[in-house]
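The structure's right below; bear with me while I get my questions together.
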Amino acid sequence: MSYRIGVKTDVGRRREVNEDSFLVHEPLFVVADGMGGHVAGDIASSTAVDTIKEQSPSASAEDPNTLAALVLAANSRIWEKAEGDSTLRGMGTTCTLLLLDSSKAHFAHVGDSRAYLLRGGTLTQITEDHTLVGRMVKEGRLSADDAERHPQRSIVTRALGVDSEVEVDLIDMDVAEGDRILICSDGLSSMIDFDTIASILNQEPDPQVAAERLVDAANEAGGEDNITVVIVDIGAGDAQGAAESMESRRSSTVESPEGIDGSPAAPSSSELTYAGAVAAPPEPERREERPIITRDETHDEPPARKWPRKLVVALVIVVLLGAAAFFGVRYLLGNSWYVGVNEDGFVTVYEGIPEEVAGLSLNDEIEVSDLRATQLPDFLAENVADGIKKDSLEDAQSHVAILEEQVEADERQRDRSRQPDRNNTNNRD
Ligand code: CA
């Protein structure tokens with residue numbers, strides 16, 4: 001798989017310091033958006049990027065937990081620095097990491113930086129924003145008082161470096177030639193809306209020019225925050241692009257914002273230092289495969305979305321053994337949860353497993369949401385239709401909440417982009 005890369009970071013128009021950091025270390029890419037005191041945010045984000053680069057040889061595309069481990073190592077390093085220096089206390093950073101292998105994109109994500117996929121002209125947000133302190137309060141995970149004093153109260157609900165531990169979202173997705181992945185800090189996504197991002201990414205075939213146009217658009221919209229954009233084009237878009245692709249691939253190891261800040265040209269650092277230890281062994285080429293996305297919020301479990309065949313077989317045997325085993329089955333099913341779609345097309349939390357044995361359904365509807373599966377992006381809708389396994393009722397419910405939030409956010413973005421004058425959109429009773 002070949003890539004073409006565009007990258008641009010900019011301090012914006014209001015800030016004095018660029019606290020964003022990024023890493024282009026093929027096939028590994030990171031955007032980190034630091035926050036904290038005067039220089040602390042810069043230290044947090046650069047520590048994240050440095051730690052991830054340093055430890056990247058231990059990461060393997062075959063094991064998503066090794067990606068979480070990179071992010072957790074960065075978290076520990078920042079946390080230790082903050083603990084050891086009172087001027088750095090409370091610093092933190094977002095971290096959105098992408099590792100590409102021969103057919104997949106693997107993301108590890110914390111915070112409100114974002115990853116998007118542009119495929120066939122359609123833009124989809126891949127990562128979930130860890131924002132809304134209010135949501136934590138609502139869920140009882142944080143008191144209103146604590147929320148007010150929370151060091152990141154106005155920024156994110158999850159960040160690296162603010163605690164000794166952090167939950168990392170892991171997302172795997174099939175990618176194919178022609179896909180374009182964008183990773184950016186909120187200095188982009190908070191300044192220009194979803195449709196503007198989509199139209200620039202659609203209009204501009206050259207990833208470096210596209211990155212620069214996105215940053216320019218964010219600055220024209222006010223540039224209130226630091227802006228960082230990394231664009232990775234999978235495969236070659238055209239014949240000319242194919243040739244350039246190999247060239248840019250050789251010359252695009254860029255680690256610090258300073259290296260290219262303000263430069264209109266493609267990153268031109270000298271050598272590809274990355275030795276490829278992260279890359280997985282080549283897999284057979286796959287074509288026309290539907291995208292698969294798994295979201296797993298607990299970093300010490302593999303992101304399994306299929307039910308172990310053994311469990312299904314065991315259940316079949318148990319059922320066939322007759323009434324004596326009935327309670328055993330109920331016990332197993334009573335400890336399994338999943339998010340699926342009910343007969344009316346609504347996203348639903350189920351107890352049990354999405355299987356039938358001898359005409360006998362092995363699940364019960366627990367909670368039907370107001371969310372229709374058709375409101376979800378195609379790849380998410382397909383996943384939900386298959387059933388997304390969860391370890392607890394709570395996990396299943398919060399997964400539905402995440403889906404609802406994502407749909408609402410997408411709708412808000414679309415609504416906003418339809419309103420040319422933002423100042424007149426909030427006058428609801
Ligand atoms: Ca920011």
Side-chain angles (χ1 to χ4, degrees), residues 7-24 29-50 52 71 74-75 78 82 88 90-98 107-116 125-135 150-162 166 168-169 182-194 196-197 200 211-212 214-231 255-258 260-262 409 412-413 416:
V7 59
K8 174 81 178 166
T9 190
D10 190 85
V11 69
R13 293 194 171 160
R14 298 287 167 84
R15 302 283 175 92
E16 290 184 356
V17 180
N18 190 344
E19 297 187 324
D20 288 356
S21 294
F22 68 87
L23 176 69
V24 173
F29 308 87
V30 180
V31 167
D33 173 357
M35 58 202 77
H38 182 55
V39 290
D42 184 31
I43 290 172
S45 69
S46 60
T47 302
V49 159
D50 291 346
I52 288 168
V71 177
N75 183 66
I78 300 161
L88 300 178
M91 72 175 173
T93 184
T94 72
C95 180
T96 300
L97 175 155
L98 162 66
F107 297 91
H109 166 71
V110 174
D112 68 347
S113 297
R114 291 181 174 179
Y116 296 88
Q125 186 179 332
I126 302 299
T127 50
E128 173 203 348
D129 295 347
H130 299 140
T131 52
L132 308 175
V133 167
R135 191 180 136 206
H150 197 278
Q152 269 71 45
R153 61 190 171 278
S154 61
I155 312 170
V156 293
T157 50
R158 251 197 257 172
L160 301 193
V162 296
V166 69
V168 182
D169 284 0
L182 164 68
I183 316 173
C184 65
S185 60
D186 72 329
L188 181 78
S189 51
S190 64
M191 296 311 299
I192 60 174
D193 62 35
F194 186 88
T196 306
I197 293 173
I200 291 172
E212 286 158 14
L214 286 170
V215 169
D216 289 347
N219 274 326
E220 280 157 23
E224 286 173 13
D225 198 356
N226 310 141
I227 310 149
T228 299
V229 170
V230 174
I231 295 174
E255 295 155 38
S256 68
E258 293 77 24
I260 61 146
D261 205 357
R412 273 200 302 278
Q413 269 164 333
R416 221 178 293 145

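In each ligand, atom 1 is the first atom listed, and ligand 1 is the first ligand listed. In what follows, every heavy atom counts, from backbone to side chain, and hydrogens, waters and symmetry copies are set aside.
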Within the side chain of Ser45, is there an N or O that forms a donor-acceptor pair under 3.5 Å with the backbone of Glu19?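 Flag set: sc Ser45 to bb Glu19 pair under 3.5 Å.
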What N, O or S atom of Asp186 is found closest to the Ca ion (ligand 1)?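 Considering only N, O and S atoms, Asp186 comes nearest to the Ca ion (ligand 1) through OD1.
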Check all N, O or S atoms of Asp225 and name the one closest to the Ca ion (ligand 1).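 Distance check against the Ca ion (ligand 1) picks out OD2 in Asp225.
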Does the Thr196 side chain pair with the main chain of Ile192, one donor and one acceptor, at a distance under 3.5 Å?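 No, Thr196 side chain to Ile192 backbone: no donor-acceptor pair under 3.5 Å.
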N, O or S atom within Asp33 nearest to the Ca ion (ligand 1), by name: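 For Asp33, the N, O or S atom at the smallest distance from the Ca ion (ligand 1) is OD2.
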For Arg14 and Asp225, run salt bridge (Lys or Arg N to Asp or Glu O under 4.0 Å): C-alpha distance rounded to whole Å, both residues' side-chain angles, the deciding distance at 0.1 Å, then the answer. CA-CA 7 Å; Arg14 298 287 167 84; Asp225 198 356; over 6 Å; no
Just one of Asp129, Thr96, Asp169, Thr94 clears the side-chain hydrogen bond (donor to acceptor under 3.5 Å, both in side chains) bar with His109, so which one?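 So the option named by the test is Thr96.
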